[in-house]
2 protein chains.
Amino acid sequence: MNSSLLRQTLHAANLRATAARMAVLELVRNASTPLSHGEIAELLRDGPWNRTTLYRNLIDLEKAGLVRRTQLGEPVWRFESTAKEHGVRSHPHFLCSACGKMVCLPEMTLRLEGARGCRKAIGQGNIEVQVRGLCDACMGKRGI
Amino acid sequence: MNSSLLRQTLHAANLRATAARMAVLELVRNASTPLSHGEIAELLRDGPWNRTTLYRNLIDLEKAGLVRRTQLGEPVWRFESTAKEHGVRSHPHFLCSACGKMVCLPEMTLRLEGARGCRKAIGQGNIEVQVRGLCDACMGKRGI
DNA sequence: CAATTATTGCAATACAGTTGCAAATAACAC
DNA sequence: GTGTTATTTGCAACTGTATTGCAATAATTG
């Protein structure tokens with residue numbers, strides 16, 4: 001993606017086309033996987049930009065709809081007893097993105113197909129599955 | 001679960017039965033969902049114990065196999081372009097727990113059944129799914 | 001009860017994320 | 001091009017969770 005097209009894209013989104021912002025957008029657009037702020041700062045460490053600037057640019061790009069921002073999980077560890085009935089086998093967990101409550105889904109079955117780059121893990125079932133969204137209670141509160 | 005049974009359980013695991021440790025184990029055993037260190041500290045805030053003590057007890061219990069510790073996700077946000085082909089629709093992500101690499105699984109299909117407390121979200125498909133495990137590359141490195 | 005060894009409290013550190021504020025710079029009108 | 005204005009940037013500071021060192025304390029064992 002050339003520089004003038006990046007500039008044009010940013011202007012169309014009502015954002016100024018600064019060097020840092022263009023670098024960030026180019027990087028994210030060319031990436032084959034979602035990148036973290038840390039990875040981006042590392043990739044652009046030879047540039048003259050501050051970490052915070054890159055961070056704020058990512059947030060700006062998100063607000064403008066040019067990038068999607070997801071936190072796949074939450075920044076805390078969870079502990080559960082291994083003695084519990086449903087704790088015997090691994091099971092998916094549902095995490096409510098509104099209230100933060102976690103629900104075990106011991107009876108949930110899921111079928112995964114079409115994996116690329118992680119066939120072995122999925123084939124063997126040595127995986128941890130997390131589903132994230134609004135729980136029924138929080139949906140109710142929002143009248144959904 | 002009474003106190004002497006907790007004591008017995010801890011001793012069987014080669015751990016001393018301190019008041020703090022028994023309180024933590026009891027709490028985790030009685031909980032219906034995985035608890036975070038923060039939640040546990042909050043629940044036991046009337047006790048005389050330091051946060052760090054509760055934290056170390058959780059780690060001790062984990063090492064002894066009495067509790068399972070999982071971080072459903074990672075403590076970082078990820079950014080991806082909304083302009084990418086496969087970015088148009090939501091798709092599961094695979095996160096390698098060894099190398100931290102993330103893989104998009106745009107072609108993966110999954111069927112969820114038996115949801116409790118999160119039926120609406122799953123029915124509507126307004127969910128984010130993360131699968132976690134060792135990627136093929138990391139499995140290869142370990143000779144699996 | 002005394003000796004030994006594990007555990008605890010406190011303080012400090014690490015790291016990602018986030019924000020305030022003054023200085024620098026892009027956009028725009030001329 | 002030059003000047004004006006609003007946005008953006010760098011720096012420093014602060015939040016929250018996780019983690020560790022070390023000296024004081026408590027649980028075990030005999």
Side-chain angles (χ1 to χ4, degrees), chain A residues 3-4 6-25 34-64 66-67 69-79 95 97 100 102, chain B residues 3-4 6-25 34-64 66-67 69-79 95 97 100 102:
Chain A
S3 150
S4 84
L6 285 170
R7 187 180 303 272
Q8 198 176 320
T9 305
L10 288 169
H11 284 173
N14 275 314
L15 288 172
R16 289 190 177 178
T18 66
R21 196 168 279 158
M22 288 196 284
V24 169
L25 180 58
L35 297 173
S36 67
H37 168 217
E39 289 167 341
I40 288 164
E42 180 59 24
L43 288 166
L44 295 178
R45 71 175 177 286
D46 292 333
W49 309 295
N50 187 279
R51 270 184 83 89
T52 310
T53 298
L54 303 178
Y55 168 73
R56 281 200 259 225
N57 277 324
L58 285 166
I59 304 295
D60 292 339
L61 292 174
E62 186 212 1
K63 284 186 186 156
L66 293 173
V67 307
R69 180 204 210 201
T70 45
Q71 188 178 33
L72 296 163
E74 40 162 21
V76 295
W77 290 90
R78 300 246 176 191
F79 301 85
L95 179 68
S97 44
M102 179 173 292
Chain B
S3 151
S4 84
L6 284 170
R7 187 180 303 273
Q8 199 176 318
T9 305
L10 288 169
H11 285 172
N14 275 313
L15 288 172
R16 290 189 178 178
T18 65
R21 196 167 279 158
M22 289 195 285
V24 169
L25 181 57
L35 296 173
S36 67
H37 168 217
E39 289 167 341
I40 289 164
E42 180 58 24
L43 287 167
L44 296 178
R45 73 174 176 287
D46 292 333
W49 310 294
N50 187 281
R51 267 185 85 88
T52 310
T53 297
L54 303 177
Y55 169 73
R56 280 199 260 226
N57 276 326
L58 285 165
I59 303 296
D60 293 338
L61 292 173
E62 185 212 0
K63 283 186 186 157
L66 294 173
V67 307
R69 179 205 212 202
T70 44
Q71 188 179 33
L72 297 163
E74 39 161 23
V76 295
W77 290 88
R78 301 246 175 191
F79 301 83
L95 179 67
S97 44
M102 178 172 291

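Rounded to an integer number of Å, the gap from CZ of A:R78 to C1' of D:dA18 is 15 Å. We find that CG of A:L44 is positioned 13 Å from P of D:dT9, with the value rounded to whole Å. B:E42 places its CD atom 13 Å from the P atom of D:dG16, with the value rounded to the nearest Å. The separation between A:R51 atom CZ and D:dT8 atom C1' is 19 Å, rounded to whole Å. Distance CH2 (B:W49) to C1' (C:dC10): 18 Å, rounded to an integer number of Å. Note: CZ (A:R21) to P (D:dG10) measures 12 Å, nearest angstrom. Across the protein-nucleic acid pair, B:R69 atom CZ and D:dT19 atom C1' stand 9 Å apart, rounded to whole Å. Computed from coordinates, the A:N50 CG to C:dT25 P distance equals 14 Å when rounded to whole Å.
If you take OG on A:S36 and CZ on A:R69, they are separated by 12.0 Å, rounding to the nearest 0.5 Å. The structure places CD of A:E42 at 4.5 Å from CZ of A:R45, a figure rounded to the nearest 0.5 Å.
Taking only side-chain nitrogens and oxygens, A:T18 comes nearer than 4.0 Å to OP1 or OP2 of D:dT9. Under 4.0 angstrom from either OP1 or OP2 of D:dA18 there lies no side-chain N or O belonging to B:Y55. Contact between the side-chain N/O atoms of B:N57 and the OP1/OP2 oxygens of C:dT8 is found at a separation under 4.0 Å. Note on A:R16: every side-chain N or O is 4.0 Å or more away from OP1 and OP2 of D:dA6.
Checking each of A:L66, A:T53, A:I40 against A:L58 for a side chain to side chain contact (heavy atoms under 4.5 Å, CB included) leaves exactly one that passes, namely A:I40. For the side chain to side chain contact (heavy atoms under 4.5 Å, CB included) with B:L15, the qualifying choice from B:T9, B:D60, B:N57, B:L25 is B:D60, the only one to do so.
Within the 3.5 Å criterion, the main-chain N or O of A:R51 finds a donor-acceptor partner in the side chain of A:H37.
Comparing B:L15 and B:F79 against DNA chain C, the residue whose closest nucleotide sits nearer the 5' end is B:L15.
Among the nucleotides C:dG9, C:dT18, D:dT28, the one closest to any side-chain atom of B:H11 is D:dT28. In the set D:dA12, D:dT20, C:dG17, D:dA12 carries the atom at the smallest distance from any side-chain atom of A:T52.
Under 3.5 Å, the side chain of B:R56 and the base of C:dG9 form at least one donor-acceptor pair of N or O atoms.
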